[in-house]
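Below is one structure, written out as structure tokens; comments come after it.
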Amino acid sequence: MLQVAFIRENRETVLKGLAKRNFKNAVEMVDKTILADEERRAIQTELDAILAESNKLSKDIGDLFKSGETQKVAILKEKTVLLKDKSKELTENLQQKANELQELLYLIPNIPNEIVPEGISAEDNLNVFQEGEIPKLHEGAMPHWELAKKYDIIDFELGNKISGAGFPVYKGKGAKLQRALINYFLDKNTAAGYDEVQVPHLVNEASGFGTGQLPDKEGQMYHDATDNLYLIPTAEVPVTNIYRDVILKETEFPICKTAYTPCFRREAGSYGAHVRGLNRLHQFDKVEIVRIEHPSNSYAALNLMVNHVKGILQELKLPYRILRLCGGDMGFTSALTYDFEVFSTAQDRWLEISSVSNFETFQANRLKLRFKNSEGKSELAHTLNGSSLALPRVLAGLLENCQTPEGIKIPDALIPYCGFEYIN
RNA sequence: GGAGAAAUGGCAGAGUGGUCGAAUGCGGCAGUCUUGAAAACUGUUGAGGGUCACACCUCCGGGGGUUCGAAUCCCUCUUUCUCCGCCA
């Protein structure tokens, strides 16, 4: 959520940013917001004046009681009754106007950073880096879902039986490889200075709003109506919400956290060949990194995160590329996003395996995540997060790129974690 | 699941209808002293709205109510603690 004061004072910048996102009705939305804010403040001022008067009268009444002038009290009481009616009415108006403003603010996405490329779809993303050799596969090479079946390491049909499509069962070496990847990623992240945390997999409404999943992506989350809890779509939600309503000291920066969690996504509206196998699941595993930074350092931190993820992919020897997302393809809350994609040799397409973003103050504003600056004033912090990494597509890339006639050759870095060199 | 108690500033903890945004202690920050540090002493120290800046307004777990006036009384929800039961 953008700060109203920022919108008010930087209308043109905001409109320019929204245009880059191809955001519809930007002028109308922004002007409505500015108007609602003005109205809200006007009502607030009026209400404050009435409350001030009412407070003063109450004090006077107290004094009169003390000095025994009780006959005067009745007159003052009458006055306060009138003020009370008025203040009640204004309070209701204020509440209504504040809600209206809040709802408008919820609908306005973050302003993209200067270097975000223009564009409307994934086609327009900017390829900023590519590395790793795309292997020439042997005769009879298969896509990962066939490999999974051949070696009996992932059972999609069994998942269908237990839950439904998108809930695979990992078996034998497949299950062990999952566990190996999780441990490997966590070890890499903690070695890079990220503190490991274990967090709840169900979160309340306030947390959903804090990181921006609500109200924007309500339909993408599984929701338990009985207790009004949401299954997390990413560890970003519980981990970032650790810092909801927190005021940090400047010396506490940077805050670096990593967490493994399963992620649950309804993926409503997804269909077709691209959701085959591990490409798109309702439940998947992911190791996340989250940083909370001083505003002056957040872009340097974003680069650190990008380089960190690069390091892991290099070690796994997977062919990958990095895209700077264009305005039209960026997430609602992000100011700058880099997507990592691994090449799926057998499918002949790139698969997104990580998304690293700087949200600047967008999340912090909702979270009320602030720090005391050098002048002793509260200022919003910057939040960032990234996948490091999402398992299924790493696994897909790994199975496909590392297949040999002898079986799947496990990358050296993972062998100590899974305890075998081949899946065959 | 049953019974009882509680929720106040970064922490501890006082405050049972008006002068309480709130004593006191600890912690934090600034200063004095010191070569420096510690100790001691002095000052300062919650958040949000509003304003050019003040004024002013709101907030004592959340929501509602009583009252001219609520941290304080009432209702309700949530959470925590203690005891009992059940279970990993």
Does NZ or CZ of Lys176(A) come closer than 6.0 Å to the centre of the six-membered ring of Phe420(A), within 45° of the ring's axis?
no
What's the gap between A23(B) and A14(B) when it is taken at their P atoms, as a whole Å value?
14 Å
Determine the Euclidean distance between corresponding C1' atoms of A37(B) and U19(B); express it in Å to zero decimal places.
45 Å
Residue list, ring pair (Phe, Tyr, Trp, His ring centres under 6.0 Å) with His294(A), at least two apart or on another chain
Phe253(A), Phe371(A)
State whether Phe129(A) and Lys310(A) meet the cation-pi test: NZ (Lys) or CZ (Arg) under 6.0 Å from the six-membered ring centroid, and within 45° of the perpendicular axis.
yes
Contact letters for nucleotides 51-60 of chain B, in which S counts primed atoms plus P, OP1 and OP2 and B counts the base, heavy atoms under 4.0 Å:
S----SSS--
Residues two or more places apart in sequence or in another chain: which of them pass salt bridge (charged side-chain N to carboxylate O under 4.0 Å, His left out) with Arg11(A)?
Asp31(A)
What interatomic distance, in whole Å, is found between P of A30(B) and the corresponding atom of A38(B)?
11 Å
In Watson-Crick or G-U wobble terms, both distances under 3.5 Å, what is the partner of G69(B)?
none
Would you call the rings of Tyr222(A) and Phe167(A) parallel, tilted or perpendicular if under 30° counts as parallel and over 60° as perpendicular?
tilted
What's the gap between A71(B) and G61(B) when it is taken at their C1' atoms, as a whole Å value?
12 Å
How far, in whole Å, is C11(B) from C60(B) if one measures between their C1' atoms?
16 Å
Across all strands, who's sitting opposite A37(B) as a Watson-Crick or G-U wobble pair, both distances under 3.5 Å?
none
If you compare all heavy atoms of Cys263(A) against all heavy atoms of Thr234(A), which two are closest, and at what distance to 0.1 Å?
SG-CA, 3.7 Å
Sequence neighbours excluded, which residues qualify as ring pair (Phe, Tyr, Trp, His ring centres under 6.0 Å) partners of Tyr299(A)?
none
Scan Ser378(A) against the nucleic acid and name what it touches under 4.0 Å (heavy atoms): base, sugar-phosphate only, or nothing.
sugar-phosphate
Sticking with atom P, work out how far A70(B) lies from C77(B), rounded to a whole angstrom.
24 Å
Say you pick atom P in G2(B) and the same atom in U8(B); how far apart are they, in whole Å?
26 Å
For A6(B), the Watson-Crick or wobble counterpart (both distances under 3.5 Å):
U79(B)
In whole angstrom, give the distance that lies between atom CG of Leu64(A) and atom P of G69(B).
15 Å
Just to confirm, is there a sub-4.0 Å distance from OP1 or OP2 of G48(B) to any side-chain nitrogen or oxygen of Arg370(A)?
yes
Can you work out whether Gly62(A) or Ile247(A) has the more 5'-proximal nearest nucleotide on RNA chain B?
Gly62(A)
Are the side chains of Leu369(A) and Leu380(A) in touch, meaning some heavy atoms are under 4.5 Å apart?
no
Taking atom C1' in both G49(B) and A12(B), compute the distance separating them and give it to the nearest angstrom.
30 Å
Can you work out whether Leu57(A) or Thr45(A) has the more 5'-proximal nearest nucleotide on RNA chain B?
Thr45(A)
Output all residues satisfying ring pair (Phe, Tyr, Trp, His ring centres under 6.0 Å) with Tyr106(A), sequence neighbours left out; order by chain, then residue number.
Phe209(A)
Does U44(B) have a Watson-Crick or wobble partner in any strand here, with both distances under 3.5 angstrom, and which is it?
G28(B)
Partner of C52(B) under the Watson-Crick or G-U wobble criteria, both distances under 3.5 Å, comes out as none
For the aromatic rings, using the six-membered ring if either is Trp, is the centroid distance between His308(A) and Tyr194(A) under 6.0 Å?
yes
Does anything in residues 76-94 of chain A reach RNA chain B, meaning a heavy atom under 4.0 Å, and if so which residues?
Lys77(A), Thr80(A), Lys84(A)
